[in-house]
Amino acid sequence: MYSAAITGSGVFTPEHSISNDELVAAFNAHADLFNAENAAAIEAGTLDAKPHSSSDFIVAASGIESRYVLDKDGVLNPERMFPNLPKRADDEPSLMAEMAVDAALQAMAQAGRSAHDVDAVICAASNHERAYPAIAVEIQQMLEIDGFAFDMNVACSSATFGIQTAADMIKTGSIRSALVVCPEICSAHLEWRDRDCHFIFGDVATALLIERDEDLDTPHFKIKSTRLATQFSNNIRNNNGFLRRTRDEMEDRRDMQFMQNGRKVFKEVLPMVSKHIANHMDDEGVTPDALKRLWLHQANKTMNDYIGKKVLGRVPDATEQPNILQDYANTSSAGSIIAFSKYSNDLATGDHGIICSFGAGYSVGSVIVERSA
Ligand code: COA
């Protein structure tokens with residue numbers, strides 16, 4: 001058996017960001033339009049008026065201050081309220097592939113590797129731009145990588161499930177290395193007209209290069225152990241599959257986008273994740289004192305604070321448990337990898353950290369890593 005290590009990481013960040021104030025101004029203008037258009041029904045009591053959103057609520061409930069998106073104008077147009085992402089021709093690169101390639105090139109450059117050093121590409125994301133051919137195969141072709149590629153989806157946990165998949169293939173010797181990319185266009189599956197969730201998501205792409213650990217001569221993170229778990233729940237759900245019953249179903253059905261029962265998620269996922277991490281660390285003999293960093297899924301600041309405190313047995317300081325959600329919002333599978341990519345270089349040889357993602361399924365994945373010079 002071989003062992004596996006993370007040798008490079010990269011983050012593609014879209015050009016445009018939307019502050020809470022900009023987002024709330026657009027939402028409130030949309031709500032005013034809606035209420036004016038439906039004044040008679042609202043007056044008659046057959047329809048509820050749409051209430052305004054507020055930046056103060058968003059920060060207090062989530063810790064999110066802004067988000068990056070591929071298209072700002074479409075999202076902020078009160079009469080449109082969804083991104084304008086024109087359909088691309090079949091001979092053009094898909095959006096997800098383009099974003100992932102950008103992040104992948106950064107990860108390969110950090111590791112000092114080129115295409116012929118990579119044997120596989122895994123595109124691990126919450127939503128895929130098309131059913132087939134796999135986005136991963138397109139990324140493989142754009143990067144001129146030999147070998148194979150495939151897509152996988154475990155919602156917000158896709159990155160850690162992708163890491164374990166790549167690491168296990170490296171350990172058994174079927175491949176020497178893999179890129180695990182997480183391109184997330186969350187703006188396209190978010191209902192920007194729904195006050196309860198319009199602030200939650202942003203767009204981004206991340207990449208990790210994972211290689212056989214033997215004879216590495218550049219700084220890297222040994223993958224000491226991975227652990228995954230799932231438990232069925234309907235509390236985070238998107239019914240946008242391939243079956244259609246009527247032609248205009250897409251127009252009519254709110255459930256074809258992200259839906260959640262946020263309160264229940266909060267209550268049910270927290271104990272699941274805290275226990276998962278504690279058991280994983282215990283089984284691997286990693287004590288809280290030995291843990292230098294937690295790179296957590298980035299959905300909600302209060303949730304992360306709670307998990308950090310449970311795991312360490314005290315309030316972690318900001319450097320021990322870095323959050324990026326204030327700038328990026330929830331970027332689904334990419335969140336923990338953005339945190340890892342931006343806040344890992346300062347760790348010293350022998351330091352341990354844990355990457356943990358969680359979300360729909362429910363699903364939770366943890367990866368214990370050790371810094372090596
Ligand atoms: N602006 C102002 N008020 C708002 C609002 C907004 N944008 N959205 C909701 N509210 C109101 C609600 O109507 C509700 O009012 P009420 O008490 O009069 O009924 C109140 O604020 C509380 O709403 P609620 O939805 O219960 O808020 P919350 O404190 O649970 O926070 C989440 C909402 C989504 C931020 C929080 O539940 C969460 O983060 N959950 C976990 C999400 C998660 O991890 N999901 C995984 C996705 S991958």
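Just follow the structure's listing: the first ligand is 1, and inside any ligand the first atom is 1.
Ion pairing of Asp305 with Lys309 is absent here, as no side-chain N (NZ or NE/NH1/NH2) approaches a carboxylate O to less than 4.0 Å. Contact check on Lys222 versus Asp213 returns a salt bridge, with a Lys/Arg side-chain nitrogen under 4.0 Å from an Asp/Glu carboxylate oxygen.
Given atom 31 (O) of ligand 1, the protein heavy atom at minimum distance is Ala61 CB, 3.7 Å. Scanning the protein heavy atoms around atom 27 (O) of ligand 1, the nearest turns out to be Phe57 CZ, 3.7 Å. For atom 9 (C) of ligand 1, the nearest non-hydrogen atom of the protein is Asp196 OD1, 3.3 Å. For atom 4 (C) of ligand 1, the nearest non-hydrogen atom of the protein is Arg195 CZ, 3.5 Å. Protein heavy atom in closest approach to atom 38 (C) of ligand 1: Asn300 ND2, 3.6 Å.
Remark: ligand 1 atoms within the under-4.0 Å shell around heavy atoms of Met303 are 41 (C), 44 (O). Atoms of ligand 1 found under 4.0 Å from any heavy atom of Cys156, numbered from 1 in the order shown, are 48 (S). Each of the following atoms of ligand 1 lies closer than 4.0 Å to a heavy atom of Asn330: 47 (C), 48 (S). If you number the atoms of ligand 1 from 1 as listed, the ones under 4.0 Å from a heavy atom of Ala299 come out as 44 (O). Which parts of ligand 1 touch Phe266 is read off a 4.0 Å heavy-atom cut-off, strictly below it: atoms 38 (C), 40 (N).
The closest non-hydrogen atom to atom 1 (N) of ligand 1, taken over Ala60, Ser54, Pro51, comes from Ser54. Of the listed options Gly262, Cys186, Gly63, Ser363, Gly262 places a heavy atom closest to atom 41 (C) of ligand 1. Comparing Gln260, Lys301, Gln298 against atom 42 (C) of ligand 1, the shortest heavy-atom distance belongs to Gln260.
Relative to the ring axis of Tyr132, Arg130 does not place its NZ or CZ within 45° and under 6.0 Å from the centre.
Residue pairs satisfying the side-chain hydrogen bond (donor to acceptor under 3.5 Å, both in side chains) criterion with at least one member in residues 87-98, sequence neighbours excluded, are listed as follows: Arg88-Glu98, Ser94-Glu138.
Classified by interplanar angle (parallel below 30°, tilted 30° to 60°, perpendicular above 60°), the ring pair Phe27/His198 is tilted. Under the 30°/60° scheme for interplanar angles, the aromatic rings of Phe148 and Phe150 are found to lie parallel. Using bins of under 30°, 30° to 60° and over 60° for the plane-to-plane angle, the ring pair Tyr328/Tyr68 lands in the tilted bin.
Within a 4.0 Å radius of atom 19 (O) of ligand 1, the protein contributes no heavy atom. Counting only heavy atoms, the protein never gets under 4.0 Å from atom 25 (O) of ligand 1. When distances from atom 29 (O) of ligand 1 to the protein are checked, a heavy atom turns up under 4.0 Å. Taking a distance limit of 4.0 Å, we find that atom 34 (C) of ligand 1 is approached by some protein heavy atom. In this structure, atom 48 (S) of ligand 1 has a protein heavy-atom contact shorter than 4.0 Å.
In this structure, Glu191 contributes its side chain and Arg254 its backbone to no donor-acceptor pair below 3.5 Å.
Rounding to the nearest 0.5 Å places CD1 of Ile64 at 7.5 Å from CG of Asn20. Interatomic distance, Phe358 CZ to Leu296 CG, rounded to the nearest 0.5 Å: 6.0 Å. To the nearest 0.5 Å, the span separating CG on Asn330 from CD on Gln298 amounts to 8.5 Å.
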Working for side-chain hydrogen bond (donor to acceptor under 3.5 Å, both in side chains), residues Tyr362 and Glu268: CA-CA 9 Å; Tyr362 295 133; Glu268 292 171 8; 2.7 Å; yes

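At least one heavy atom of Ser53 sits closer than 4.0 Å to an atom of ligand 1.
Not one N or O of His297 is nearer than 3.5 Å to an N or O of ligand 1, by distance alone.
At a 4.0 Å heavy-atom cut-off, ligand 1 touches Ile236 through the side chain alone.
With 3.5 Å as the limit, one finds no donor-acceptor pair spanning the side chains of Ser357 and Ser336.
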